[in-house]
Amino acid sequence: MQNTVTPTHCPYCALQCGMNLTSAPDGTVEVSERADFPVNRGALCGKGRTAPAVLSSSVRLTSPLVRSEGGSLVPASWEEALGRIAGRLGRTRAEFGADAVGVFGGGGLTNEKAYSLGKFARVVLGTSQIDYNGRFCMSSAAAAGGRAFGLDRGLPFPLEDIPKTGCVILVGSNPAETMPPSLRYFTELKENGGTLIVVDPRRTRTAEQADLHLAPRPGTDLALALGLLHLIVAEGRTDEAYIQERTTGWEETRAAAMAHWPEYVERITGVSVPQLREAVRLFCEPEAAMVLTARGPEQQSKGTDTVGAWINLCLATGRAGRPLSGYGCLTGQGNGQGGREHGQKADQLPGYRKLTDPAARAHVAAVWGVAPDSLPGPGRSAYELLDALGTDIRALLLMGSNPVVSAPRAAHIEERIRSLDFLAVCDVVLSETAALADVVLPVTQWAEETGTTTNLEGRVLLRRRAITPPEGVRSDLEVMHELAARLGGEGGGLEKGFPVDPEEVFEELRRASAGGPADYSGITYRRLAEENGVFWPCPAPAAGPGPLHAAGPEAGALDTVSDGPARAGEPRTGTGVHPGTPRLFLDRFATEDGRARFVPVSHRAIAEEPDAEYPVLLTTGRVVAQYQSGAQTRRVDELNAAAPGPFVELHPRLAERLGVADGDPVAVVSRRGRAVAPGRITTAIRPDTVFMPFHWAGEGRANTLTNPALDPISRMPEFKACAVRVEAARP
Ligand SMILES: Nc1nc2c(c(=O)[nH]1)N[C@H]1C(S)=C(S)[C@@H](COP(=O)(O)OP(=O)(O)OC[C@H]3O[C@@H](n4cnc5c(=O)[nH]c(N)nc54)[C@H](O)[C@@H]3O)O[C@H]1N2
Ligand SMILES: Nc1nc2c(c(=O)[nH]1)N[C@H]1C(S)=C(S)[C@@H](COP(=O)(O)OP(=O)(O)OC[C@H]3O[C@@H](n4cnc5c(=O)[nH]c(N)nc54)[C@H](O)[C@@H]3O)O[C@H]1N2
Ligand code: SF4
Ligand SMILES: [Mo]
C-alpha cells in the first residue's frame with residue numbers, strides 16, 4: 001500500500017488554511033504544505049501543523065459513555081447511548097413541552113452539520129430553544145452589517161485586496177496570534193506603501209507592525225470612532241457626492257458625531273487628540289481604505305453600535321462598496337461564517353433567512369416537507385439559553401462547544417448545566433462540559449469526514465475525508481439520523497430527512513438556501529473541488545419561472561438549467577453557471593433602495609465601570625498556541641509547551657503597587673468570582689487594565705470573572721471589559 005495525499009483544510013480558525021494530509025499505511029498522518037490554496041499559500045500556524053495529534057486515539061473518545069448508577073461515566077454501546085438520549089429527550093418533551101428541550105451548536109460545525117442541527121431542533125424536537133456559540137463571537141458585527149448594508153458577510157472582499165488598498169484600520173484584532181498566515185497581507189500592504197493602524201489596549205504583536213497604534217481604554221471604541229468622524233467632518237474630509245448617491249441617514253449621524261468633541265473623546269478613551277488627527281490623515285489621504293474589526297470592539301454590551309460607528313466612518317468617507325475599500329469583520333471559528341447562515345441561530349432559517357418571515361418559513365417548510373405552521377418561532381440567545389438550563393429548559397443536546405470554559409460568568413453557567421435533568425454531548429474529546437453529561441457520544445472530526453465550511457471571506461470550501469475514523473466513533477450526521485429515527489413517534493420515518501452522507505445534506509441545503517441572502521444553490525461539491533472554493537451568493541440559474549422550492553429536485557438538477565434573470569450587482573457568465581461573488585456591494589448595497597444606511601449612535605459606558613472596590617479593568621482574549629476553550633489544543637504536547645497555562649498580563653506600575661514580581665500568583669476578583677494565575681509583567685498593556693487569555697479551566701479560568709451583560713441587539717456578552725480587583729495571591 002502507498003501513502004495517500006488529500007488536499008483539505010485546517011480544523012481550527014476562520015482562515016481555513018489549505019493543507020495536504022498524507023496518510024501512511026501504518027496509520028500515521030502528516031500535514032504538509034498545500035501551495036495551491038490562495039488564502040494561506042502553504043503557510044500554517046502551529047495549531048494547524050499539529051492538528052493531527054488530536055486524531056490520535058490516545059487523547060480522544062472512542063466509545064459512547066453513559067452515567068452509571070454510581071455517578072461515573074462508563075463505556076456503553078451506541079445502541080444503549082442513543083436509546084437513552086432519545087428516551088430522555090422524548091420524555092422531557094412529553095412531560096414539559098417541546099421548549100423544555102434545548103439545543104446548543106457551534107461555529108466549528110460544518111455547514112452540513114449546522115444545517116441539520118437547526119432542522120433537527122425544529123422538525124424532530126419541535127423546540128424553539130436552539131442557539132450556538134457564534135453568539136459569543138461575531139454576532140455584533142453581523143447585526144451592524146445587516147443594519148447598514150442589508151447583508152452580513154464577514155469580509156465583503158477577498159483578503160487579496162488588502163495589500164492593494166491605501167490604509168487599513170484593524171480594530172481589536174490580533175491576527176499575529178489569531179490568524180498568523182494572514183499577517184502577510186498586512187506586511188504586503190506596507191511594502192506597497194499603504195499604512196496600518198491598530199486599535200488595541202495592548203501593544204500586541206500585531207500592533208508592533210503598525211504605523212500607528214492607538215491604545216484606548218477597553219470598551220471605548222465607540223467614542224473613538226465618533227471622535228474620528230467628528231474630525232473628518234471638521235476637516236472637510238467627507239465624500240459628499242458618495243453620501244448623496246449611495247447612503248441614507250447622514251444628517252442624524254453627522255449631528256451625533258459633532259457632539260463628540262476630540263477633547264471629550266480623549267478623556268474617555270485615553271487616545272490623544274494629535275493621535276486622533278494622525279489616524280484621520282492616514283485613513284483619508286489615500287484613494288481607498290478599509291476598516292476591519294474583530295472581537296475587541298464586538299464583544300461589548302454595545303458591540304452593535306460600536307461596529308456601526310466604524311461603518312459610519314467608512315460611509316462618510318466613501319469607503320464602502322467601492323473597489324479596494326470597505327468595512328469587514330474577521331470571523332473567528334472554522335465555520336464562523338457558514339455556521340451563522342443555515343439555521344442553528346435562534347431566529348434563523350437556512351440561507352440567512354429569518355424565522356419570523358412568512359415567505360421564508362413557507363420556502364423552508366416546503367423543502368423540509370412540513371407545514372409552515374409547525375415551525376416554532378425564535379428562541380433565546382446563547383447566554384440566555386444557558387442561563388435558563390435547569391429551570392425552563394430541562395434537557396440539552398450540545399454539539400461543538402465547551403461552555404463550562406467559554407461562557408461568560410462560567411461558574412454560574414457550570415452550576416446551571418449541573419442542574420439539568422439530562423445533558424447529552426457530542427464531542428471528539430472529553431471536554432469539561434462533556435465530563436458533566438449523562439451521555440457522551442464520540443464523533444468523527446475534520447480529517448475523517450467530508451463537509452463544507454465558509455471562511456471569513458465568504459468563500460465556501462470543501463474539506464475532504466482523508467483517513468478512516470477509529471472504530472467506535474460515528475459522525476454528527478449519523479447521530480442526528482439515528483435520533484430522528486428514535487424520536488419520530490408514530491409512523492416514524494423522520495430519519496429520511498437526516499441523511500448521513502454530507503453531500504446529500506448539502507444538496508438539500510442548496511435548495512433550502514435558494515433565493516435567500518446567503519444563496520448556495522449554484523454551489524456543488526464538484527465545483528468546490530475544481531475551483532478551490534466559491535464565494536456566496538452563488539445562485540443557481542432559475543429553472544423556468546418561480547423559485548426553487550420543490551422538495552424533490554435531484555442532485556444535478558440545479559446546475560444543468562439555463563441562465564435566469566441576474567440579480568442586481570451580481571456577475572453572470574454565459575454558461576449558465578454563476579461564478580460566485582468575491583466582492584459585494586460594488587453597484588448597490590443589499591438594502592431595498594440599494595443605499596447603505598447610516599445609523600446614528602452615541603457613546604455609552606460599559607455595563608460595569610470600575611469603582612473603589614473593583615478599580616481595574618479586565619479584558620480577555622487569545623494566545624497563538626491555544627484554541628478557544630482549549631478542549632482540542634490542550635491535548636497537544638507541542639502547544640502546551642508553548643502555552644502551558646493561564647496568566648494575568650499587568651503593567652509594571654500596577655505590579656509594583658500590588659507588590660508582585662513577574663511569575664508571582666495574582667488573584668483577579670470580580671463580582672462573579674475569583675481567578676488566580678501567574679502575573680506576567682509588561683509595558684505592553686495600559687496601567688489601568690489587566691488581560692487574561694480564556695483557554696483554560698480551573699483556578700485560572702478567565703470566564704469565572706467576565707460579565708454577561710448583553711448587547712440589546714446582538715445579545716453578545718461583554719467579554720472585553722469588566723471591573724475587577726487585583727491582588728497578590730500569597731500561598
Ligand atoms: N490562537 C488562536 N487563534 C484563534 C482563536 C483562538 O482561540 N486561538 N480563536 C478563533 C476565533 S473563534 C476568533 S473569534 C478569533 C478572534 O480573533 P481576535 O479578535 O484577533 O482575538 P482576541 O484575542 O479575542 O481579541 C483581539 C484583541 O482585542 C483586544 N481588545 C480587548 N479589549 C478591547 C477593546 O475594548 N477594544 C479594542 N479595540 N480591542 C480590545 C485584545 O487586547 C486582543 O489583542 O480568533 C480565531 N483564531
Ligand atoms: N473570556 C472570553 N470568553 C470567550 C471569548 C473571549 O474572547 N473571551 N471568545 C468567545 C468566542 S469568540 C468563541 S467562538 C467561543 C468559543 O468557545 P467554545 O464554544 O467552547 O468553542 P471550542 O473550544 O472551539 O469548543 C468546541 C468543542 O467542540 C468540539 N468539536 C470540534 N469539532 C467538532 C465536531 O465536528 N463535532 C462535535 N460534535 N464537536 C466538535 C471540540 O472538541 C470542543 O470541545 O468562546 C467565547 N468565549
Ligand atoms: S491560521 Fe487558523 S486555519 Fe490557519 S493553520 Fe492556524 S488555526 Fe489553522
Ligand atoms: Mo469566535
Side-chain angles (χ1 to χ4, degrees), residues 57 60-69 71-96 98 100-106 109-110 112-127 129-130 344 393-401 417 420-431 433-445 448-449 451 469-502 504-505:
S57 296
R60 70 185 295 182
L61 297 164
T62 51
S63 163
L65 303 173
V66 299
R67 190 140 320 261
S68 69
E69 299 267 314
S72 57
L73 282 172
V74 295
S77 70
W78 271 92
E79 219 26 61
E80 184 188 352
L82 288 165
R84 275 209 202 188
I85 298 175
R88 293 301 297 269
L89 298 186
R91 223 178 314 147
T92 304
R93 185 177 59 181
E95 216 171 304
F96 301 101
V101 180
V103 177
F104 200 86
L109 301 178
T110 59
E112 292 77 1
K113 295 180 184 189
Y115 170 83
S116 295
L117 193 63
K119 181 178 175 184
F120 184 83
R122 275 107 185 189
V123 173
V124 178
L125 298 171
T127 181
Q129 300 299 305
I130 174 170
Q344 60 176 331
I393 301 176
R394 319 286 296 235
L396 183 74
L397 172 65
L398 185 139
M399 196 178 272
S401 180
I417 291 172
L420 278 166
D421 295 350
F422 181 77
L423 172 66
V425 174
C426 301
D427 207 311
V428 174
V429 295
L430 192 68
S431 71
T433 308
L436 303 182
D438 299 288
V439 181
V440 184
L441 298 179
V443 292
T444 49
Q445 40 177 329
E448 300 158 354
E449 56 186 20
E471 198 130 335
V473 305
R474 296 192 188 177
S475 76
D476 291 301
L477 294 179
E478 273 178 275
V479 169
M480 287 184 265
H481 178 88
E482 292 296 330
L483 291 177
R486 286 166 176 77
L487 281 158
E490 268 169 67
L494 275 187
E495 71 277 12
K496 290 196 206 77
F498 297 87
V500 300
D501 172 18
E504 232 180 285
V505 177

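Basis for what follows: all heavy atoms, side chains included, without hydrogens, waters or symmetry-related copies.
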Glu95 vs Arg394, side chain to side chain contact (heavy atoms under 4.5 Å, CB included): CA-CA, chis, key distance, verdict: CA-CA 10 Å; Glu95 216 171 304; Arg394 319 286 296 235; over 6 Å; no
Contacts of type side chain to side chain contact (heavy atoms under 4.5 Å, CB included), residue Thr444, not counting sequence neighbours: Glu448, Glu449, Pro469, Val473, Ser475
Value rounded to 0.5 Å, distance of CG in Leu398 from OG in Ser431: 7.5 Å
Minimum heavy-atom distance between Ile417 and Leu423, given as atom pair plus value: CG2-CD2, 3.7 Å
Evaluation steps, side chain to side chain contact (heavy atoms under 4.5 Å, CB included), between Leu65 and Leu430: CA-CA 10 Å; Leu65 303 173; Leu430 192 68; 4.0 Å; yes
For Ala98, all residues meeting side chain to side chain contact (heavy atoms under 4.5 Å, CB included), sequence neighbours excluded: Arg93
Salt bridge (charged side-chain N to carboxylate O under 4.0 Å, His left out) involving Asp438 - partner list, sequence neighbours excluded: none
Partner of Thr92 by side-chain contact (heavy atoms from CB on, under 4.5 Å), out of Leu420, Val101, Ile393, Leu396: Val101
Residue pair Leu441, Asp476: steps toward the side chain to side chain contact (heavy atoms under 4.5 Å, CB included) verdict: CA-CA 9 Å; Leu441 298 179; Asp476 291 301; over 6 Å; no
Inter- and intrachain pairs under ring pair (Phe, Tyr, Trp, His ring centres under 6.0 Å), touching residues 482-502, at least two apart: Phe120-Phe498
Counterpart residues, salt bridge (charged side-chain N to carboxylate O under 4.0 Å, His left out), relative to Glu504 (two or more places apart): none
Thr433 OG1 to Asp427 CG distance, which is reported to the nearest 0.5 Å: 8.5 Å
Listed partners of Glu79 passing salt bridge (charged side-chain N to carboxylate O under 4.0 Å, His left out), at least two apart: Arg486
CD1-CD distance between Ile85 and Glu80, expressed to the nearest 0.5 angstrom: 11.0 Å
Working for side chain to side chain contact (heavy atoms under 4.5 Å, CB included), residues Leu73 and Val66: CA-CA 5 Å; Leu73 282 172; Val66 299; 5.8 Å; no
Whether Arg122 side chain and Gly126 backbone form a donor-acceptor pair below 3.5 Å: no
Side chain Arg88, main chain Asp421, donor-acceptor under 3.5 Å: yes
Check: Lys113 side chain, Gly400 main-chain N or O, donor-acceptor pair, under 3.5 Å: no
Residue pair Arg84 / Val439: nearest heavy atoms and the distance that separates them: CB-CG2, 4.0 Å
Minimum heavy-atom distance between Ala437 and Val425, given as atom pair plus value: CB-CG2, 3.8 Å
Distance, nearest 0.5 Å, that separates CG of Leu109 from OH of Tyr115: 15.5 Å
Taking every non-hydrogen atom, the tightest pair across Thr62 and Ser57: CG2-OG, 4.1 Å
Pairwise side-chain contact, Leu477 with Pro502, heavy-atom cut-off 4.5 Å (strictly under): yes
For Pro442 against Trp78, the heavy-atom pair lying closest together: O-CZ2, 3.4 Å
Closest contact, heavy atoms only, Leu89 versus Ala395: CD2-CB, 3.8 Å
Short side-chain to backbone donor-acceptor contact, His481 and Glu495, under 3.5 Å: yes
Short side-chain to backbone donor-acceptor contact, Gln344 and Ile130, under 3.5 Å: no
Glu112 side, atom CD; Met480 side, atom CE - distance, nearest 0.5 Å: 10.0 Å
Leu487 side chain reached by Leu494 side chain, heavy atoms, under 4.5 Å: no
Approximate separation, where rounding is to 0.5 Å, of Asp501 CG and Glu478 CD: 11.0 Å
